[in-house]
Novice: 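Here it is: the structure, laid out below.
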Amino acid sequence: MESYPFISVIIPTFNSGETIVATIESVFNQKFQKVETILMDGGSTDTTEAVVQKWKQEVPALQWFQETD
């Protein structure tokens with residue numbers, strides 16, 4: 001059995017409501033089992049927050065932080 005390392009993926013984002021789903025899916029489609037995913041949002045004013053909150057309901061381990069740049 002292979003031993004996978006713990007991976008931290010930090011995704012910077014700003015007004016990426018239309019593309020953030022593909023990014024999140026890409027991370028979760030990897031073979032690594034121990035993955036920490038952190039979204040750092042620069043104060044988006046589009047649908048980014050709503051999209052991420054929907055994903056957080058399905059994947060509670062997804063972390064999201066928002067702070068204006």
Side-chain angles (χ1 to χ4, degrees):
M1 175 183 265
E2 290 186 48
S3 176
Y4 290 106
F6 185 83
I7 303 292
S8 293
V9 178
I10 301 172
I11 303 168
T13 184
F14 180 74
N15 288 341
S16 58
E18 293 183 19
T19 59
I20 196 67
V21 170
T23 305
I24 295 169
E25 287 177 344
S26 176
V27 171
F28 286 106
N29 286 333
Q30 302 302 311
K31 294 182 181 182
F32 295 107
Q33 297 172 352
K34 301 175 185 177
V35 177
E36 168 186 54
T37 305
I38 302 169
L39 287 156
M40 299 295 298
D41 183 74
S44 294
T45 57
D46 68 346
T47 61
T48 302
E49 181 176 2
V51 171
V52 171
Q53 293 301 336
K54 182 178 177 183
W55 267 87
K56 282 185 62 60
Q57 291 176 2
E58 297 176 29
V59 185
L62 179 65
Q63 299 177 56
W64 179 69
F65 299 93
Q66 184 179 46
E67 184 173 320
T68 305
D69 289 339

Novice: Is it the case that more than 12 heavy atoms not belonging to Lys56 sit under 6.0 Å from its NZ atom?
Specialist: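 Atom NZ in Lys56 is crowded, with more than 12 foreign heavy atoms closer than 6.0 Å.
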
Novice: Would you find more than 12 non-hydrogen atoms of other residues, nucleotides or ligands less than 6.0 Å from Glu18 atom CD?
Specialist: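 No - once you tally the heavy atoms of other residues, nucleotides and ligands closer than 6.0 Å, there are 12 at most.
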
Novice: Could you tell me whether the side chain of Ser8 reaches within less than 4.5 Å of the side chain of Phe6, counting heavy atoms only?
Specialist: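 SC-SC contact between Phe6 and Ser8 confirmed.
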
Novice: Which heavy atom in Phe28 sits nearest to a heavy atom in Val59, and how many Å separate them?
Specialist: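 Here Phe28 and Val59 meet closest at CZ-CG1, 3.4 Å.
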
Novice: Does CD in Glu25 sit with more than 12 non-hydrogen atoms of other residues, nucleotides or ligands closer than 6.0 Å?
Specialist: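 Above 12, so yes.
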
Novice: How many angstroms lie between atom CG of Leu62 and atom CD of Gln53, to the nearest 0.5 angstrom?
Specialist: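 Output value for this atom pair is 9.0 Å.
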
Novice: Taking Thr37 for its side chain and Val9 for its backbone only, find out whether a donor-acceptor pair lies under 3.5 Å.
Specialist: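 Side chain of Thr37 to backbone of Val9, a donor-acceptor pair under 3.5 Å: no, none is there.
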
Novice: List the steps, then state whether side chain to side chain contact (heavy atoms under 4.5 Å, CB included) holds for Ile24 with Leu39.
Specialist: CA-CA 9 Å; Ile24 295 169; Leu39 287 156; 4.0 Å; yes

Novice: How far apart are the closest heavy atoms of Asn15 and Ser44, and which atoms are they?
Specialist: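 That would be N-OG, 2.6 Å.
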
Novice: OG1 of Thr13 to CD of Gln66: how many Å apart, nearest 0.5 Å?
Specialist: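 The distance works out to 9.5 Å.
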
Novice: Report yes or no: do Val27 and Val51 belong to one cluster of Ile/Leu/Val/Met/Phe/Trp/Tyr joined by side chain heavy-atom distances under 4.5 Å?
Specialist: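 Same hydrophobic cluster.
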
Novice: Contact between Ile11 and Ile20 at the side-chain level, heavy atoms closer than 4.5 Å - yes or no?
Specialist: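 Side chain of Ile11 against side chain of Ile20, heavy atoms only: contact under 4.5 Å found.
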
Novice: Would you say the side chain of Met40 lies within less than 4.5 Å of the side chain of Ile10, judging by non-hydrogen atoms?
Specialist: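 Ile10 reaches Met40 side chain to side chain.
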
Novice: Going through the checks in order, is the side chain to side chain contact (heavy atoms under 4.5 Å, CB included) test met by Trp55 and Val21?
Specialist: CA-CA 8 Å; Trp55 267 87; Val21 170; 3.7 Å; yes

